[in-house]
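All remarks here apply to the structure that follows.
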Amino acid sequence: MAHSYNGETHHRGRGRGRNRHHGGHQHQAEMVPFNVAIRRRLFDLCDDENISATSSLETKRNYIRDNLKDNYDSIIEGLQIGITQQPYKMPFWATLLTLVIGPEGLETDVPWPNRICSDLVRGFQAQLDKLRWREIRLYLQFFGHLAAIGFITPESMVSQLLSFTSVLDEPGVSYERASMAALCAGEALLRAASVLHNHSPHKVYDILSVLGAFSQSLQAQTSMSQPVILLHTQEAHNTNEQLKCLLSALREVEDDGFAYPATLLRPQENFPQLQDLEPTFALPSILVPPEIAHVEEEISTSAPAVHHRELPTVWIRLFDVEPSINPTRAGGYLLRSTYEDVIDIYEVNRKEAAKILLQMDRWFTRGTFRSSPGATTSEEGSTGVQLELSVMETILGSMMILPRPKHKPVYYHALITEFAKLSASTVGPAVGKSIRKLYALLGEGLDVEAAKRFSDWFAVHMSNFGYQWVWKEWTTDLQLDPTHPKRTFMRRAIELEIRLSYYDRILKTLPDAMQSPEAQIMPAEIPGHDFEYESSGNSHHYIASNLLKKLQDRATLMEVSIQVDTMRTELTSSGLSDSRAGSRTRSITMQCLLVLGARSFSHFLNAIERYIKVLQNLSTTPDAKFEMLEIVSTFWRRNRQMITIIFDKLMQYQIVDPSDVVSWAFEGGGLGEKGDGLGTFQWEVMRLALDKSNGRVSIAQRRIVQQRKIDDEARAAKIAEAAKNESMDVDDIAMKAEEEPIEESTDLQKQTRAHQILVAEQKSVLSRAVEGFVTVINDTDEVISETAWNERSSWTKKQWDAVETWGWFRHFARSYAPYLRVYRESLSMAYLSRVAAERPAGKLLREIWSITVEQDS
């Protein structure tokens with residue numbers, strides 16, 4: 001039995017828990033609104049593999065015809081959603097539009113395809129007004145297909161593209177705005193070049209020229225966002241820059257006589273009525289709106305207020321042209337950009353994204369992809385792109401975009417997991433090959449941030465598939481120096497796996513060679529804490545035990561404060577100097593609180609909040625704050641995750657300052673090996689401090705904006721009330737408003753002072769970070785040259801630490817350039833001047849600084 005709702009049929013769900021009888025009543029399936037049902041009917045265009053694309057298009061055409069009269073708006077909405085959410089079907093959406101016919105007896109002034117397209121153009125204009133670049137680009141791709149079919153006039157299409165290339169000539173245009181406009185023009189041209197060149201060859205060459213000049217201007221900036229980079233050269237290795245790939249694809253189309261890309265399907269060829277169409281629809285002239293000025297709206301203290309991307313998008317290249325994608329060719333670029341769009345659009349539904357990606361071979365011409373493993377292989381099916389490998393390379397490439405990917409890395413982790421679960425037999429080998437390719441790049445120029453993301457993903461992926469990895473493949477690398485990037489990767493991956501599981505289980509997954517302490521891969525001890533005063537043999541065990549008992553008994557703040565003061569007096573009486581007694585008091589108090597909070601995170605927060613005044617009294621100087629950080633790091637040295645968590649909370653409660661944490665990252669972050677440079681763990685700690693400081697400034701800026709708005713409204717209300725009482729006209733009110741002296745409210749003055757304090761703190765944090773980097777890399781000339789790089793097989797800890805520190809400095813500069821730029825002159829004079837410009841280290845230091853911070857090409 002089926003239930004009908006406005007002519008649509010909805011069958012009962014058969015899933016577990018649906019439509020069961022409870023108390024004699026049967027729950028019926030949820031009714032779907034008719035406009036939603038129409039959109040869904042359009043959305044499944046060509047989805048059924050058992051029905052040919054031609055039949056599906058005819059069915060949808062008839063469905064549109066039957067619903068045009070009563071449900072026209074729903075039809076438009078369905079097409080708009082299809083265009084902006086199913087870019088892999090773009091040739092079919094364009095063909096469907098040109099096939100539309102109206103119902104008998106319903107007359108219209110213009111052909112139905114033209115009328116519908118006019119409304120779609122309005123949707124495009126709405127997206128343009130909001131500068132939603134992805135939707136703008138997809139609409140232009142749709143228009144490009146319509147131009148290729150012969151529906152849109154070539155002159156209007158060219159005019160649209162020229163409107164976007166003109167953005168590249170705007171004075172002071174940001175990289176993000178220019179690159180988005182370039183992608184819009186270039187990707188549409190890639191689809192419509194065959195028609196546009198025949199009509200306006202000079203204008204097409206003008207577009208190519210503008211795109212080429214823009215791409216050439218990005219050469220220096222590209223070196224700062226390459227996931228594989230060497231210190232002695234800016235040349236690209238195992239990478240592809242997006243705009244350069246697009247330009248190369250367009251040049252290939254040019255060399256091929258501007259032919260329609262062979263990779264794209266042409267469903268219109270199956271309909272005789274669409275052959276040799278006379279263009280009848282002209283796109284309206286447009287202007288790309290100016291950039292929207294952002295007002296500080298951040299409410300999180302951990303998010304930098306960076307609104308625009310400043311560096312080119314560079315994809316890592318893992319595999320050879322065959323069997324993966326070559327994005328520098330037209331077909332390869334079209335595949336890669338379609339993958340990217342699906343990954344981006346379906347971030348809200350990773351399962352659907354994985355499903356679409358695994359079926360991507362349905363939406364491109366036969367021969368583009370190789371036959372799946374196990375299928376009957378013809379000569380045609382033995383060449384082309386291997387779907388699973390190309391998808392894996394695209395997902396990982398998106399995840400490793402520097403300085404930050406479009407989405408959080410955990411999304412890409414989850415997407416790969418869903419992708420692998422859909423077809424373990426075909427995706428599993430592709431995942432394994434991807435891991436091996438990335439691993440091979442460690443120590444061969446893979447960026448430190450990319451290496452960090454690799455280890456993060458590796459650990460998460462192993463946790464989702466039983467921690468099954470062939471570790472014995474890498475046992476030969478145990479001969480490398482312990483600080484070699486491959487050895488560092490193994491240690492970090494194991495540390496993360498232990499966090500996600502437990503020590504003994506991970507130990508059993510490793511071969512014997514990696515289990516031994518000499519291998520320095522597996523931690524020698526299980527994660528935990530080290531309480532210095534736990535043993536009765538410790539000379540301070542008794543007083544520490546007394547304090548710990550008071551804390552465990554939830555003594556009042558006053559009682560604990562008295563106990564701490566008494567303890568310090570006793571230590572001084574025992575012969576310790578005031579400074580040593582203070583340090584010992586600090587150590588005992590902090591460690592007792594850490595023991596109290598070791599049971600869980602909530603226990604720690606409760607302990608800190610209850611006795612925050614005690615900790616603040618013990619950390620009144622920079623040295624005392626540094627000691628607090630050292631105490632925490634020593635206590636939790638076997639569980640470094642806890643160090644970052646506690647540091648973050650100590651900054652939040654203002655027990656230590658972000659600048660103290662930055663100092664610790666350089667001077668104490670080696671956990672006993674000071675002055676060795678900056679590693680991944682130290683960088684994570686420093687990033688917390690930088691984001692905390694920048695986030696506080698962002699919040700303060702937002703509060704000032706809000707307070708000014710409140711004050712302005714109060715001032716306007718006051719003037720309006722006075723004008724009402726005095727019966728003033730509009731002009732007099734405006735004059736009175738101008739004459740009224742503007743005095744800052746008390747609240748605004750407070751907000752301004754708070755902002756000034758936080759800005760001073762921000763400068764201090766950034767200054768300390770730059771100073772720390774300069775101090776470390778000042779003595780690294782020996783690792784910068786090509787000769788030194790070629791001799792890296794003999795490198796030891798000193799050289800590998802130096803290279804890693806350079807990597808983190810590059811990432812620091814490109815990630816925090818908007819903030820560094822505010823203080824660039826003072827920072828440059830105070831710190832960069834310490835390294836002579838003629839030295840290799842000085843030259844590289846200034847090169848990175850000038851490209852990222854000063855934005856000089």
Between [atom1] on residue [X] and [atom2] on residue [Y], distance to nearest 0.5 Å:
{"X": "D361", "Y": "Q359", "atom1": "CG", "atom2": "CD", "value": "8.0 Å"}
{"X": "Q591", "Y": "I631", "atom1": "CD", "atom2": "CD1", "value": "6.5 Å"}
{"X": "S455", "Y": "I494", "atom1": "OG", "atom2": "CD1", "value": "11.5 Å"}
{"X": "M360", "Y": "Y339", "atom1": "CE", "atom2": "OH", "value": "6.5 Å"}
{"X": "D530", "Y": "L594", "atom1": "CG", "atom2": "CG", "value": "11.5 Å"}
{"X": "L357", "Y": "L422", "atom1": "CG", "atom2": "CG", "value": "9.5 Å"}

Can you tell me if [X] and [Y] form a side-chain donor-acceptor pair at under 3.5 Å?
{"X": "S785", "Y": "T787", "answer": "no"}
{"X": "S324", "Y": "E393", "answer": "yes"}
{"X": "W469", "Y": "E497", "answer": "no"}
{"X": "W664", "Y": "E630", "answer": "yes"}
{"X": "E684", "Y": "T644", "answer": "no"}

#### Entry: Worked verdict on E340 versus K406 for salt bridge (Lys or Arg N to Asp or Glu O under 4.0 Å)
CA-CA 10 Å; E340 293 271 355; K406 185 174 293 186; over 6 Å; no
Heavy-atom check, side chain of [X] versus side chain of [Y], under 4.5 Å:
{"X": "L446", "Y": "N238", "value": "no"}
{"X": "L438", "Y": "I316", "value": "yes"}
{"X": "E347", "Y": "L415", "value": "no"}
{"X": "L335", "Y": "T394", "value": "no"}
{"X": "W457", "Y": "Y412", "value": "no"}
{"X": "E473", "Y": "R436", "value": "yes"}
{"X": "Y439", "Y": "M490", "value": "yes"}
{"X": "M392", "Y": "I416", "value": "yes"}

Main chain of [Y], side chain of [X]: is a donor-acceptor contact present, judged purely on distance under 3.5 Å?
{"X": "R370", "Y": "V385", "answer": "no"}
{"X": "E241", "Y": "L243", "answer": "yes"}
{"X": "R453", "Y": "I401", "answer": "yes"}
{"X": "E252", "Y": "A330", "answer": "yes"}
{"X": "T338", "Y": "L334", "answer": "yes"}
{"X": "R810", "Y": "M224", "answer": "no"}
{"X": "Q226", "Y": "I229", "answer": "no"}
{"X": "S463", "Y": "V460", "answer": "yes"}
{"X": "D781", "Y": "A841", "answer": "yes"}
{"X": "S225", "Y": "T313", "answer": "no"}

Between the side chains of D447 and K452, is the shortest nitrogen-to-carboxylate-oxygen separation below 4.0 Å, so that they form an ion pair? no
I'd like to know if E444 pairs up with R792 as an ion pair, taking the criterion as any Lys NZ or Arg NE/NH1/NH2 lying under 4.0 Å from an Asp or Glu carboxylate oxygen. yes
If the plane angle is over 60° it's perpendicular, under 30° parallel, otherwise tilted; pick one for [X] and [Y].
{"X": "F465", "Y": "H461", "answer": "tilted"}
{"X": "Y533", "Y": "F531", "answer": "perpendicular"}
{"X": "W789", "Y": "W795", "answer": "perpendicular"}

On a heavy-atom basis, which atom in [X] and which in [Y] lie closest, and how many Å separate them?
{"X": "A493", "Y": "W471", "value": "CB-CH2, 4.4 Å"}
{"X": "L318", "Y": "L441", "value": "CD2-CD1, 4.3 Å"}
{"X": "N538", "Y": "E532", "value": "ND2-O, 3.2 Å"}
{"X": "W806", "Y": "L845", "value": "CH2-N, 3.7 Å"}
{"X": "P482", "Y": "R487", "value": "O-CB, 3.4 Å"}
{"X": "T852", "Y": "I848", "value": "OG1-O, 2.7 Å"}

Kindly indicate, with the supporting measurements, whether the criterion side-chain contact (heavy atoms from CB on, under 4.5 Å) is fulfilled by F454 and L442.
CA-CA 10 Å; F454 172 35; L442 293 166; 4.1 Å; yes
task: Mind running salt bridge (Lys or Arg N to Asp or Glu O under 4.0 Å) on K843 and E847 for me, showing each step along the way?
output: CA-CA 6 Å; K843 181 180 179 182; E847 178 183 287; over 6 Å; no
Go through the steps for T222 and T239 under the test side-chain contact (heavy atoms from CB on, under 4.5 Å), then give the verdict. CA-CA 10 Å; T222 300; T239 57; over 6 Å; no
**Item:** Centroid-centroid distance, F458 to F489, less than 6.0 Å
**Value:** yes
- Neighbour count >12 (heavy atoms, 6.0 Å) for atom CD, Q219: no
Within 6.0 angstrom of D779 CG, more than 12 heavy atoms from elsewhere = no
Check your understanding: Run the side-chain contact (heavy atoms from CB on, under 4.5 Å) check on L500 and Y467 step by step: do they pass?
Key -> CA-CA 10 Å; L500 296 167; Y467 299 97; 3.4 Å; yes
The side-chain contact (heavy atoms from CB on, under 4.5 Å) partners of T476 (sequence neighbours excluded) come to none
With sequence neighbours left out, the residues meeting side-chain contact (heavy atoms from CB on, under 4.5 Å) with E235 are T233, H237
For residues 506-526, the side chain to side chain donor-acceptor pair (under 3.5 Å) pairs (sequence neighbours left out) are E525-R637
Walk me through whether D344 and H407 qualify under side-chain contact (heavy atoms from CB on, under 4.5 Å).
CA-CA 8 Å; D344 186 25; H407 304 288; 2.7 Å; yes
Partner of W808 under ring pair (Phe, Tyr, Trp, His ring centres under 6.0 Å), picked from Y816, F666, W683, is W683
